[in-house]
Undergrad: 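This is the structure I have questions about; it appears just below.
Here, residue 1 is the first one in the sequence, and each next residue gets the next number. Both backbone and side-chain heavy atoms feed into the values below; hydrogens, waters and symmetry mates do not.
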Amino acid sequence: MSQCFNPNCLHRNPAKTKFCQKCGNKLLLGDRYRAIKYIGQGGFGRTFRAIDEKRLDTPCVIKQFLPQQQGSPALNKAEELFKQEAVRLRDLGNHPQIPDLLSFEEQDGRFYLVQQFIDGQDLLKELQQRGKFNEAQIRQLLNDLLPVLDFFHQKNVIHRDIKPDNIIRDQNGKLVLIDFGVSKQLTASVLTRMGTVTGSAGYAPPEQMQGQVFPASDLYSLAVTCIRLLTGCLLTESNGMITDELFSPMQMEWVWRQKATVSNELAQVLDKMLSFRVGDRYQSAVDVLQALNPSVATPSVNPSVNPSVNPSVAPSVAKTFSYEVVKLDRNGNISNRETASNRGYIERISSIEFEMVNIPAGKFVMGSPAREAERLDSESPPHLVDVPEFYIARTQVTQALWWEVSKLPKINLDLNPDPSYFKGDNRPVECVSWYDCIEFCARLSQKTGKNYRLPSEAEWEYACRAGTTTPFHFGENISTEVANYNGDNIYSNGKKGIYRKETIPVRSLNAANAWGLYDMHGNVWEWCLDDGHNNYTGAPTNGLPWLGEIENENYAQFKHNWQTWLKKILETNNNSKLLCGGRWSNYPGNCRSASRRCLSPGSRNDSIGFRIAVSPPTT
């Protein structure tokens with residue numbers, strides 16, 4: 001069938017018809033998109049199931065902008081904003097959980113958006129067919145959708161209509177957020193002055209009903225969605241009266257807890273999202289993610305138990321390392337010092353020892369929240385990553401260790417035994433390329449029998465943060481008392497410090513993070529194993545490196561034959577590579593836990609070094 005677009009007609013015509021048999025209206029939008037079924041109408045537009053005839057009848061969705069009032073200056077402005085928002089929606093389409101914008105069309109004096117069709121079932125139908133959701137399902141929903149909210153909130157887009165029927169689970173089980181309602185969004189800024197509000201009753205927060213919205217408004221609607229899925233309680237209507245079992249108008253609060261069985265931890269998160277006052281809610285999706293997934297891997301201070309290190313990973317010298325953890329206040333002043341400890345082992349190459357520390361498995365939110373000062377778009381979207389256990393060097397590789405490993409038998413490449421510009425046995429080695437580091441790891445692996453490697457970017461940031469969510473593992477700010485960077489500049493409310501204009505010996509500032517790692521902020525940028533990517537769209541969530549297709553296919557080999565895999569990657573990989581941590585000459589904002597940059601793998605300069613990692617063996 002071919003559905004007519006004319007709002008006063010909507011006649012259903014035979015397939016392939018060019019003009020409506022009833023009103024004569026043109027049936028092909030943009031000479032390619034054909035509506036085949038009228039789906040429904042919202043406050044400011046109609047939606048049609050459609051096909052793209054120039055792409056072998058690929059399914060799509062057409063949304064028709066159909067304002068209910070005509071000719072007023074406000075609606076002329078709305079049309080202008082509609083075009084602007086189409087561009088914004090196009091940008092939002094660069095996310096696997098948001099339908100792509102395929103086209104923006106103007107035809108017969110009306111505007112249209114053509115979007116990707118999502119083949120799946122919305123969560124309202126899923127609730128009706130399968131019954132109430134349990135806590136695990138709600139946690140999964142939140143972990144899946146909160147990064148999507150953060151993605152578009154960072155682009156200053158508020159959805160305004162989050163509810164179960166606007167969340168589709170596609171054929172692969174992925175949750176997709178639909179109906180961004182460009183018409184709702186743009187008219188919210190124009191038509192609310194005319195007394196028009198947007199959103200759905202029973203889901204929209206109180207401020208939205210007054211014509212104002214914030215990122216926390218979407219969080220409120222998402223929380224309402226969760227409690228309705230948990231309880232199965234939807235709005236009911238009888239004799240023109242709407243009843244909501246979950247909300248008490250007398251108390252002006254949600255009363256859902258007695259109708260659902262969930263942990264107190266999840267209930268507290270949902271209750272905060274549901275707060276009446278905007279300021280009492282979480283202010284970003286990342287805040288909710290962090291509350292929902294507190295670090296389970298933060299080591300305890302002065303643990304009384306010293307578990308043994310797996311002897312097949314570590315040599316005979318297992319060790320518990322004690323160190324001083326430093327915290328700073330928001331102005332960069334030292335606010336606390338405490339002694340902590342973590343387990344690991346000592347490896348010896350000739351006369352040189354280096355220390356590896358255990359990083360327990362855990363989850364964390366990778367990237368930076370929109371509110372973090374001096375953040376970059378490349379640190380988006382924040383996403384939850386599940387990192388397996390691994391070991392990482394407590395310091396950057398020193399020049400002394402590099403010298404010893406460079407003397408080991410060549411695997412693929414020659415190594416300059418003394419490449420660094422700033423000389424000193426205990427300074428970090430620099431002027432080393434990514435290829436050099438791969439060769440270093442291959443030689444060290446052959447010598448020790450362990451699969452030493454560069455850390456993945458996810459491992460690096462997880463290890464750097466050590467359970468923190470602040471810009472630095474020290475806290476909200478940084479100081480040259482605890483890190484080596486360009487102290488002529490300040491971060492946020494911080495203070496100026498020393499600009500040393502060179503690298504310094506590793507761990508010389510005696511300021512470790514909670515897992516016992518030194519110099520994660522500044523001194524030298526550190527190579528990671530990953531290919532360079534402009535942002536985290538499509539990034540893995542399992543802690544593994546984000547590599548090209550060939551390398552991904554063969555990555556599992558590293559656990560069994562790391563040297564062979566290293567040789568293959570040296571022969572085939574020329575992609576740009578990731579670095580983390582910042583350098584001695586950087587402004588402090590470039591030394592944050594989430595800071596990242598991409599360079600050619602052959603790059604060498606006096607600001608680039610690395611540290612090594614190793615995974616425990618699998619059984």
Side-chain angles (χ1 to χ4, degrees), residues 313 356 359-367 378-393 396-397 412 432-442 444-445 450-465 517 520 525-581 593-603 608-618:
V313 173
M356 302 291 292
I359 307 298
K363 297 179 180 180
F364 83 114
V365 178
M366 185 175 181
S378 62
E379 299 159 20
S380 299
H383 54 293
L384 189 68
V385 180
D386 193 351
V387 182
E389 178 189 13
F390 67 104
Y391 290 80
I392 193 168
Q396 296 148 347
V397 171
N412 285 14
V432 291
S433 72
W434 184 85
Y435 296 124
D436 295 334
C437 298
I438 295 296
E439 174 70 17
F440 176 96
C441 291
L444 188 60
S445 298
K450 303 183 185 66
N451 293 329
Y452 282 107
R453 55 179 174 80
L454 294 175
S456 71
E457 183 188 8
E459 288 176 330
W460 192 98
E461 185 176 333
Y462 177 64
C464 175
R465 290 188 180 278
L517 306 181
M520 298 298 283
W525 283 102
E526 299 183 22
W527 287 113
C528 294
L529 195 53
D530 307 56
D531 288 345
H533 295 86
N534 292 332
N535 54 50
Y536 290 130
T537 301
T541 59
N542 56 6
L544 295 182
W546 194 1
L547 296 164
E549 183 176 349
I550 296 175
E551 290 77 22
N552 276 335
E553 290 177 357
N554 298 311
Y555 184 73
Q557 298 178 12
F558 92 86
K559 294 180 180 178
H560 309 290
N561 196 340
W562 175 243
Q563 296 159 43
T564 300
W565 189 83
L566 288 177
K567 184 174 182 179
K568 182 182 292 291
I569 202 171
L570 282 171
E571 294 170 348
T572 62
N573 195 298
N574 295 310
N575 298 330
S576 64
K577 292 297 175 182
L578 240 296
L579 302 100
C580 296
S593 299
S595 294
R596 60 200 297 267
R597 67 179 302 188
C598 306
L599 286 177
S600 164
S603 299
I608 299 177
F610 70 110
R611 74 180 68 213
I612 54 177
V614 66
S615 299
T618 57

Undergrad: When you look at M520 and R611, which way does the side chain to side chain contact (heavy atoms under 4.5 Å, CB included) test go after all the steps?
TA: CA-CA 10 Å; M520 298 298 283; R611 74 180 68 213; 3.2 Å; yes

Undergrad: Side chains of C441 and I612: closer than 4.5 Å at any heavy-atom pair?
TA: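 Yes; the side chains approach each other to less than 4.5 Å.
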
Undergrad: Indicate yes or no for a side-chain donor-acceptor contact from S445 to the backbone of Y452 under 3.5 Å, with no hydrogens or angles considered.
TA: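 Side chain of S445 to backbone of Y452: a pair is present.
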
Undergrad: Got W434 and L579 here, is their nearest side-chain heavy-atom distance under 4.5 Å?
TA: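 Side-chain contact under 4.5 Å: no.
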
Undergrad: Looking at SG of C464 and CZ of F364, how far apart are the two atoms once the value is rounded to the nearest 0.5 Å?
TA: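 Result: 9.5 Å between the selected atoms.
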
Undergrad: Would you say that D386 contacts N542 through its side chain, given a criterion of any heavy-atom pair below 4.5 Å between the two side chains?
TA: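 No, their side chains stay 4.5 Å or more apart.
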
Undergrad: Considering all heavy atoms of both residues, which atom of P601 and which atom of Y435 are nearest to each other, and what is their separation?
TA: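 Distance-wise, the nearest heavy atoms are CG-OH, 3.3 Å.
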
Undergrad: Side chain to side chain contact (heavy atoms under 4.5 Å, CB included) for L454 and I438? Distances and angles first, verdict last.
TA: CA-CA 7 Å; L454 294 175; I438 295 296; 4.1 Å; yes

Undergrad: Taking atom CG of L529 and atom SG of C437, what is their separation to the nearest 0.5 Å?
TA: 10.5 Å

Undergrad: Compare every heavy atom of A613 with every heavy atom of F390, then report the nearest pair and how far apart it is.
TA: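 In this case the closest contact between F390 and A613 is CD1-CB, 4.3 Å.
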
Undergrad: Tell me, do R596 and Y536 make a side-chain contact under 4.5 Å, heavy atoms counted?
TA: yes

Undergrad: Can you name the side chain to side chain contact (heavy atoms under 4.5 Å, CB included) partners of A458, sequence neighbours left out?
TA: M366, V385, S456

Undergrad: Which value, rounded to the nearest 0.5 Å, describes the distance between S593 atom OG and W460 atom CH2?
TA: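 Rounded to the nearest 0.5 Å, the OG-CH2 separation comes out at 6.5 Å.
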
Undergrad: Are the side chains of R453 and E459 in touch, meaning some heavy atoms are under 4.5 Å apart?
TA: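 Sidechains of E459 and R453: in contact.
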
Undergrad: Got V387 and I359 here, is their nearest side-chain heavy-atom distance under 4.5 Å?
TA: no

Undergrad: Are the side chains of T537 and P381 in touch, meaning some heavy atoms are under 4.5 Å apart?
TA: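 T537 reaches P381 side chain to side chain.
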
Undergrad: Report the C-alpha distance between C580 and E461 in whole Å, list the side-chain angles of each, state the deciding distance to 0.1 Å, and finish with yes or no for side chain to side chain contact (heavy atoms under 4.5 Å, CB included).
TA: CA-CA 8 Å; C580 296; E461 185 176 333; 5.9 Å; no

Undergrad: Please enumerate all residues that pass side chain to side chain contact (heavy atoms under 4.5 Å, CB included) together with N534, with sequence neighbours excluded.
TA: none

Undergrad: Which heavy-atom pair separates A361 from E389 by the least distance, and what is that distance?
TA: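 The pair with the smallest heavy-atom distance is CB-N, 3.6 Å.
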
Undergrad: What heavy-atom pair brings S576 and C598 nearest, and what distance separates the two atoms?
TA: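 That would be OG-CB, 4.2 Å.
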
Undergrad: If only atom types and distance count, is the side chain of W546 paired as donor or acceptor with the main-chain N or O of E457 below 3.5 Å?
TA: no

Undergrad: Measure the CZ-CG distance between R465 and L517 for me, rounded to the nearest 0.5 Å.
TA: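 Going from the CZ atom of R465 to the CG atom of L517 covers 14.0 Å.
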
Undergrad: Could you check D530 against K577 for salt bridge (charged side-chain N to carboxylate O under 4.0 Å, His left out), going step by step and ending with a plain yes or no?
TA: CA-CA 6 Å; D530 307 56; K577 292 297 175 182; over 6 Å; no

Undergrad: Taking only residues two or more places apart in sequence or in another chain, which ones pass ring pair (Phe, Tyr, Trp, His ring centres under 6.0 Å) with F440?
TA: W402, F610

